[in-house]
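Numbering of ligands and ligand atoms starts at 1, following listing order. Computed from a predicted structure; not experimentally measured.
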Amino acid sequence: HSKEQGRNTYNFYTARMNEDVAHRLLIEEQLRGALSRNELSVHYQPLVALDSRSLVGAEALLRWNNPVLGSISPEEFIPIAEKTGIIVSIGRFVLQKALQQNADWKRRYNTPLRIAVNLSPRQFRDDGLLPYIKQVLDETGLSPEHVELEITEGVLMSGHTLIDQALESLNKMGIGISMDDFGTGYSSLSYLRSYPFDTLKVDKSFIQDITVDPADLELVGAAVAMGQGLGLKVIAEGVETEAQYQLLATLGCDYGQGYLFGKPVDAEIFETTYLRH
Ligand code: C2E
Ligand code: MG
Ligand code: MG
Ligand code: MG
């Protein structure tokens, strides 16, 4: 009967919802102690110049391995860290690790690599963010032009009035600012005009089908032309095949990131694979 079916459906959904809520609470609970238990680490993925196919930098990507939950994707735990505010301390950890690592690599291999670090909206509500970044630059001796901060439209849409100021200050300090996941949001164009970006990262969802979908190829070509027209460098994210790489190079896209060039790996593997020649 439909009545019975309706009740079963209802039970099914509430059970699922409770499960999801319980899972999120468990992640939150474990995440609170993750830093002090040393469960977090930073991986590095190469950024490559498309014309010469040479290494120009790396993106720092957070990894979390927890004894109860196993290895959890940032796609899953970053939003929870963001909602609970835990991202503030975790974000500082990533900044410290990544900048220190880049300073070490620079000293030992004399590489002028740029290190890219993701910043989420909640981190900009922390008055201590800018002083912290200055402090880390100071302590590591890394120069600001070797640092790139990646933000998404979410940061700009969060409506926090200090974001303009924060981005201007970072820009004045000489730190680069990238618009991450370009194309996935709503009003990318006006943001590009209003904030001091120097790099545009075209989201991997647009790169995925460029060899088979002429519309996607057209969109990526337009994004490259527009970005460069505004004086920005353009990075293609999620480059997985040689054919995609060739097309992007033909379009004149500046940089690429993706499994074709290398997956995110820990600092030691990054060093042996890309720096120790
Ligand atoms: P994102 O900043 O756009 O980072 C790029 C993501 O694409 C990474 O996923 C990377 O592993 C993945 N990727 C790179 N090349 C390829 C490819 O060729 N194919 C495919 N399918 N994927 C590729 P990851 O490491 O899982 O991170 C996911 C997202 O989590 C990041 O997206 C970023 O938004 C967030 N995230 C990661 N680390 C941090 C962090 O330290 N702080 C903050 N706030 N967010 C972070
Ligand atoms: Mg990023
Ligand atoms: Mg991205
Ligand atoms: Mg993303």
Side-chain angles (χ1 to χ4, degrees), residues 27 31 34-35 39-48 50 57-65 71-102 114-126 129 132-133 136 147-156 158 176-185 188 197 199-211 220 223 227 234-245 248 255-267 269-270:
I27 290 180
L31 199 53
L35 251 185
E39 295 168 6
L40 296 169
S41 62
V42 179
H43 278 198
Y44 300 89
Q45 185 177 32
L47 294 166
V48 170
L50 292 187
E59 180 172 4
L61 294 158
L62 194 56
R63 294 293 177 260
W64 180 26
N65 202 2
S71 157
I72 305 125
S73 158
E75 306 268 13
E76 192 166 8
F77 73 80
I78 294 283
I80 296 171
E82 172 78 19
K83 220 171 264 167
T84 53
I86 304 172
I87 193 69
V88 171
S89 52
I90 287 179
R92 287 186 179 201
F93 165 82
V94 178
L95 278 165
Q96 204 285 328
K97 274 275 181 208
L99 270 57
Q100 181 68 63
Q101 186 60 255
N102 199 32
R114 277 199 138 194
I115 190 79
V117 178
N118 294 284
L119 285 185
S120 64
R122 180 65 180 75
Q123 292 179 266
F124 283 90
R125 284 187 10 228
D126 166 25
L129 176 67
Y132 186 75
I133 291 173
V136 175
V147 179
E148 187 80 26
L149 297 175
E150 300 192 354
I151 64 170
T152 58
E153 280 184 12
V155 168
L156 307 174
S158 61
I177 301 165
S178 299
M179 162 139 285
D180 204 351
D181 303 344
F182 181 73
T184 58
S188 318
F197 289 107
T199 306
L200 190 156
K201 299 189 78 172
V202 180
D203 192 69
K204 56 177 173 285
S205 58
F206 293 95
I207 307 301
Q208 202 172 297
D209 294 330
I210 47 169
T211 58
V220 173
V234 181
I235 304 185
E237 297 193 279
V239 183
E240 294 185 351
T241 68
E242 199 62 42
Q244 290 168 342
Y245 165 64
L248 290 161
Y255 304 113
Q257 177 179 359
Y259 297 165
L260 176 68
F261 310 114
K263 291 190 172 184
V265 288
D266 67 31
I269 296 178
F270 189 90

| query | Do any of the N, O or S atoms of T152 sit under 2.8 Å from the Mg ion (ligand 2)? | reply | no

| said: Evaluate I87 for polar contact with ligand 1, using N/O atom pairs at a separation under 3.5 Å. | reply: no

| note | To atom 6 (C) of ligand 1, the nearest of K204, Q257, K97, E240 on a heavy-atom basis is K204

| Best match, N118, V42, L61, I90: closest heavy atom to atom 42 (N) of ligand 1 | N118

| query | Does E150 bring an N, O or S atom to within less than 2.8 Å of the Mg ion (ligand 3)? | reply | no

| message | So, 2.8 Å as the limit: is an N/O/S atom of D180 located closer than that to the Mg ion (ligand 3)? | response | yes

Below a 4.0 angstrom heavy-atom separation, can you tell me which part of [X], side chain or backbone, both or neither, approaches ligand 1?
{"X": "K263", "result": "neither"}
{"X": "R63", "result": "side chain"}
{"X": "I78", "result": "side chain"}
{"X": "V239", "result": "backbone"}
{"X": "D203", "result": "neither"}

| said: Rounding to 10°, state the angle centred on the Mg ion (ligand 3) that links OE1 in E237 with OD1 in D181. | reply: 90°

Testing the basics here: between [X] and [Y], what is the closest heavy-atom pair and its distance to 0.1 Å?
{"X": "G262", "Y": "P46", "value": "O-CD, 3.8 Å"}
{"X": "M179", "Y": "L156", "value": "CE-CD1, 3.7 Å"}
{"X": "S120", "Y": "I87", "value": "OG-CG1, 3.3 Å"}

| Heavy-atom distance under 4.5 Å between the side chains of F197 and I151, does that happen here? | yes

| Do N118 and L61 touch side chain to side chain, with heavy atoms closer than 4.5 Å? | yes

Looking at ligand 1, is there an atom of it that comes within less than 4.0 Å of some heavy atom belonging to [X]?
{"X": "G238", "answer": "yes"}
{"X": "E237", "answer": "yes"}
{"X": "H43", "answer": "no"}
{"X": "Q208", "answer": "no"}

Please answer whether the main-chain N or O of [Y] pairs with a side-chain N or O of [X] as donor and acceptor at a distance below 3.5 Å.
{"X": "E240", "Y": "G258", "result": "no"}
{"X": "E76", "Y": "S73", "result": "no"}
{"X": "Q208", "Y": "S205", "result": "no"}

| task | Would you give the length of the straight line joining atom CD1 of I133 to atom CZ of R92, rounded to the nearest 0.5 angstrom? | result | 9.5 Å

| field | side chain to side chain contact (heavy atoms under 4.5 Å, CB included) between L95 and V147, intermediate numbers included | value | CA-CA 10 Å; L95 278 165; V147 179; 5.7 Å; no

| query | Would the F261 and Y245 ring centres measure less than 6.0 Å apart? | reply | yes

| What N/O/S atom of E59 gets nearest to the Mg ion (ligand 2)? | OE2

| query | Relative to the heavy atoms of S120, which atoms of ligand 1 are at a distance of less than 4.0 Å? | reply | 44 (N)

